[in-house]
Novice: 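First the structure, which I've put down as structure tokens, then a few questions once you've had a look.
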Amino acid sequence: MNSGEMKFLVIGVVLALGAASIPIVSDGYWLSIATTAMMYIALSTSWTLFSGPTHLIALSTGAFFGIGGYLVGSGMSDYDQSFWLMAIIAPVVATILAMLIGLATLRLSGVYFVIFTLGLAEMIRNLVSWVQNNFLGSRGLYVLTDFTEAHIYWMLLSVATIVFLAGWLINRSRLGFALRIIGNDEQVARHVGINTAWSKVILFMTTGFFAALVGAIVAPRYSYIEPNVVFSPQLSFLVVIMALLGGIHRLWGPLVGVIPFTLIWEAISISFPNSTTLFLGLSFLLIVYFIPNGFVGLFENLTGRMRK
Amino acid sequence: MDILISGLLLGGTYALMAMGLNLQYGVARIMNLANGEMLVLGGLAAFWLFTASAISPLITALVVAPLAFAGNWLIYRYLLLPLVRRSKNQGQLEVDSILATFGISFALVGVMVSIHGEYITYSYLADPFSILGSTVALNRLVAFLAAATIGAALYIWLNRTYAGTAVRAVSVDTEAAGLVGINVDRISALAFALGGAVTAVGGTLISTFITLDASIGVIFTMKALIIIIMGGVGDIRGAIIAALILGLVETTVATVIDPGLTLAAAYVIFLAVLLFRPQGLFGRRTS
Amino acid sequence: MTPRDTILQVTNLTKRFGGLVAVNDLTFQVREHEVMGIIGPNGSGKSTTMNLISGALKVTGGSIILEDHDLTSLPPHKIARFGVARTFQLVRILPHLSVVENVIAGTAFAHKARWGAEAEQFAEALLERLELGDKKNQDIGSLTYIDQKRLELARALASEPEILLLDEWLAGLNPSELRIGIELISQLREEGRTIILVEHVMDAIRSLCDRCVVMNSGKKIAEGTPAEVLSDKEVIRAYLGDE
């Protein structure tokens, strides 16, 4: 470990400890915003593990997140299983699904992958509603636990920390290096001996795993699980936009995007609830045309110029 | 038989919308994810004019076409062309255009929600009509005939006119088309605008028999994309057959199993295509 | 000259694109420590042959055997792991990686894989040998054309290939760069590497190749030393036409 990494590690530990103390100093409104932000930090950062190096815009977060929430709800209500068991099963199911989707689409052109993930959450929601209505009876799915908002927050913080550690390890590994080469030139990657399809599939599975885990942990927040709510296509887009806003070429980039965006998003949802979609659209345009490399890119440009 | 007829009628209208997106993706190389919103806008226009002034959607289509053409031309010229120019490679352009058209898509949905957040539904020619021994709503038949006419006109234009030939040349090889003196930027803008107009007219027609709402566009984008991939990018014949297959399968699933599963049915088709014929129905394996 | 062992055996290799036959029933061997040239007019199937050996294209018929391994229907990454390395007709470096990382990319996934500090030292030594040592911290976008070519070659060499495929590696170099390029390949030859090169530059063919295969319209029309094939009547006809 060199001194630069040491510095990052120290900053990381300080940030994590600071974040862990938030529920002690605040509760109610601000804690709930912090919980939402922590959820997006875990989701956006794990999304970037795959989409950052490969430049493939995965829109599957909503689907995997929904699987997490739905399986917890269904397992607890329909089958009387414990929250913990379901929180383990759900990510495994999502990982297997991610593998199948990855194997079917990631061997082909990237566009097919994007299109496939585009309607995925909606398609799974339709399937789940159909199965629920026809075979399981349309009873409500309740997730009743003793968790307080602070418990959920701490669990999300742990997941986010694990995501960062995983990302750090992957970036140092041959797998991470392979992904960077694939993002540069997939043909070269194949000819230097990289199994490009599997490398992408493995990272995509990682992303799916974490999205479902976050979905499972957040489920108790809703208490009542509705497929229409947990399988939210909008969530997929929010995760993409926050990651892009921060910058996806650095592990800590999404973190920088999530915090301001969550605050603005909350404010707009309360003050102009009908304009959230419009705002989402304008944010996408803003990023593409004016900050294509995110805040991190802007910052690195600035410091680069100052050095010169 | 009922399923067969209404499936084919639905497929005919799908074919029109996929033709629009095919022009945009096959020629202008822009994966336009705001395509579905064009369709909904076309439907919204028909709804307004019909409920406010009882104007027939067929007449509305004549108004929608030039407006959508102009709107899409502006979008290409001022939002997408700068991305084409700044991108260093096809991959970069792909990511940029996907994100930019998401932006346009959401912005359009946002605007539509704020002016008309409810369902877009009205009753036009909802009379029963008997064809080959089975009964369908007249509006479906009219929409199908209109779609077929427009599709045929487009096909003739592409194959028989100078401008149409230039469009096809750009779709085959952008660089070579530029070398033989075709203004690629202008042809791309033309194809993009035309594609948008065709899709919007498709929306006007579809709104006569399907209930739309402001945020449903993405589902249609999805279906159009599946049709294009199934038919083979740039292949109009393939797209028509693919659209008919999708229309048939959706109608069958909706009638026999559950209307809530049409998207799932589209996905099954999509998966089958990806696994068995990723080059499209009529495409040839290149490598 | 003592006969050496055959390392690559290509037998009845055929590639069809729809109705077009790009490579037609091509058979040749490459022996250890040999530099073999594939020459021929444009469109004769030279690059397609390289793409078939490296797995970039799927074989329609025939077989490709490297030592004891059948490469015929393997995907490119597996072929690479049996020790086939290549450069590309249009130079392909990895633009968002550093110079050293570009070379590590060649070794990290190869049959004798290196990683970490070992890979770094290995890459730096290789850069040093290709006279890129002073440019290892340079911004990759500022490399000259010949340096990009060198870097791509360093990436291919980093895998310590059993056989190295150079697809028009000298194309696009100016006369002084060309001399440097030819000198570089002849050094590789003296090190005893096994190389197949596709070239248009006849000087390079004459001075570098032990043997040549001449292709026309997908078929082998001649094989032998450069002097032999370049005086062959059919070869001259293929290049110059029938008059």
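Order of the sequence lines fixes the chain letters, A, B, ..., with proteins taken first and strands second; residue numbering starts at 1 for each chain. None of these values were measured; they are calculated from a predicted model.
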Novice: Taking every heavy-atom pair that is under 4.5 Å apart, which of A:Leu286, A:Ile115, A:Asn126, A:Leu280 has the most such pairs with chain B?
Specialist: A:Ile115

Novice: Counting heavy-atom pairs closer than 4.5 Å to chain A, which one of B:Ala264, B:Pro82, B:Ser215 comes out on top?
Specialist: B:Ala264

Novice: I need the minimum non-hydrogen distance between A:Leu59 and B:Phe102, along with the two atoms involved.
Specialist: CD1-CZ, 3.2 Å

Novice: With a 6.0 Å cut-off on ring centres, are B:Tyr267 and A:Phe116 close enough?
Specialist: yes

Novice: List the steps, then state whether side chain to side chain contact (heavy atoms under 4.5 Å, CB included) holds for A:Arg107 with B:Leu275.
Specialist: CA-CA 10 Å; A:Arg107 293 171 304 140; B:Leu275 292 179; 3.9 Å; yes

Novice: About how many Å separate OG of B:Ser105 and CZ of A:Phe237, when rounded to the nearest 0.5 Å?
Specialist: 7.0 Å

Novice: Which residue out of A:Leu127, A:Leu282, A:Val111 racks up the most heavy-atom pairs below 4.5 Å with chain B?
Specialist: A:Val111

Novice: Given heavy-atom pairs under 4.5 angstrom as the criterion, report whether the side chain, backbone, both or neither of B:Ile104 touches chain A.
Specialist: both

Novice: Taking side chain as everything from C-beta outward and backbone as N, CA, C, O, which of these in B:Leu79 sits under 4.5 Å from a heavy atom of chain A? Side chain, backbone, both or neither.
Specialist: both

Novice: I'd like to check A:Asn134 versus B:Asp258 (side-chain heavy atoms, cut-off strictly below 4.5 Å). Are they in contact?
Specialist: yes

Novice: What distance separates A:Thr277 OG1 from B:Met112 CE, expressed to the nearest 0.5 Å?
Specialist: 10.0 Å

Novice: By a 4.5 Å heavy-atom criterion (distance strictly below it), what part of A:Leu120 contacts chain B: side chain, backbone, both, or neither?
Specialist: both

Novice: Go through it in stages, so that I can follow the logic: the residues are A:Leu278 and B:Phe106, the test is side chain to side chain contact (heavy atoms under 4.5 Å, CB included), and I'd like the CA-CA distance, side-chain angles, deciding distance and then a yes or no.
Specialist: CA-CA 6 Å; A:Leu278 182 61; B:Phe106 279 118; over 6 Å; no

Novice: I need the minimum non-hydrogen distance between A:Pro292 and B:Arg86, along with the two atoms involved.
Specialist: CB-NH2, 3.9 Å

Novice: Count the heavy atoms belonging to other residues, nucleotides or ligands that lie under 6.0 Å from CZ of A:Phe299, then report whether that count exceeds 12.
Specialist: no

Novice: So how far is it from B:Ile226 CD1 to A:Tyr112 OH, rounded to the nearest 0.5 Å?
Specialist: 12.5 Å

Novice: Between B:Val109, B:Thr101, B:Ile229, B:Val95, who has the most heavy-atom pairs with chain A when the cutoff is under 4.5 Å?
Specialist: B:Ile229

Novice: May I ask you to name which of B:Leu271, B:Leu225, B:Asp96, B:Leu261 has the most heavy-atom pairs under 4.5 Å with chain A?
Specialist: B:Leu261

Novice: Counting only heavy atoms closer than 4.5 Å, note whether A:Tyr289 contacts chain B via side chain, backbone, both or neither.
Specialist: both

Novice: How long is the straight-line distance from CD of A:Glu122 back to CG of B:Leu263, given to the nearest 0.5 Å?
Specialist: 6.0 Å

Novice: Let me confirm one number: the CE-CE distance from B:Met222 to A:Met123, rounded to the nearest 0.5 Å.
Specialist: 8.5 Å

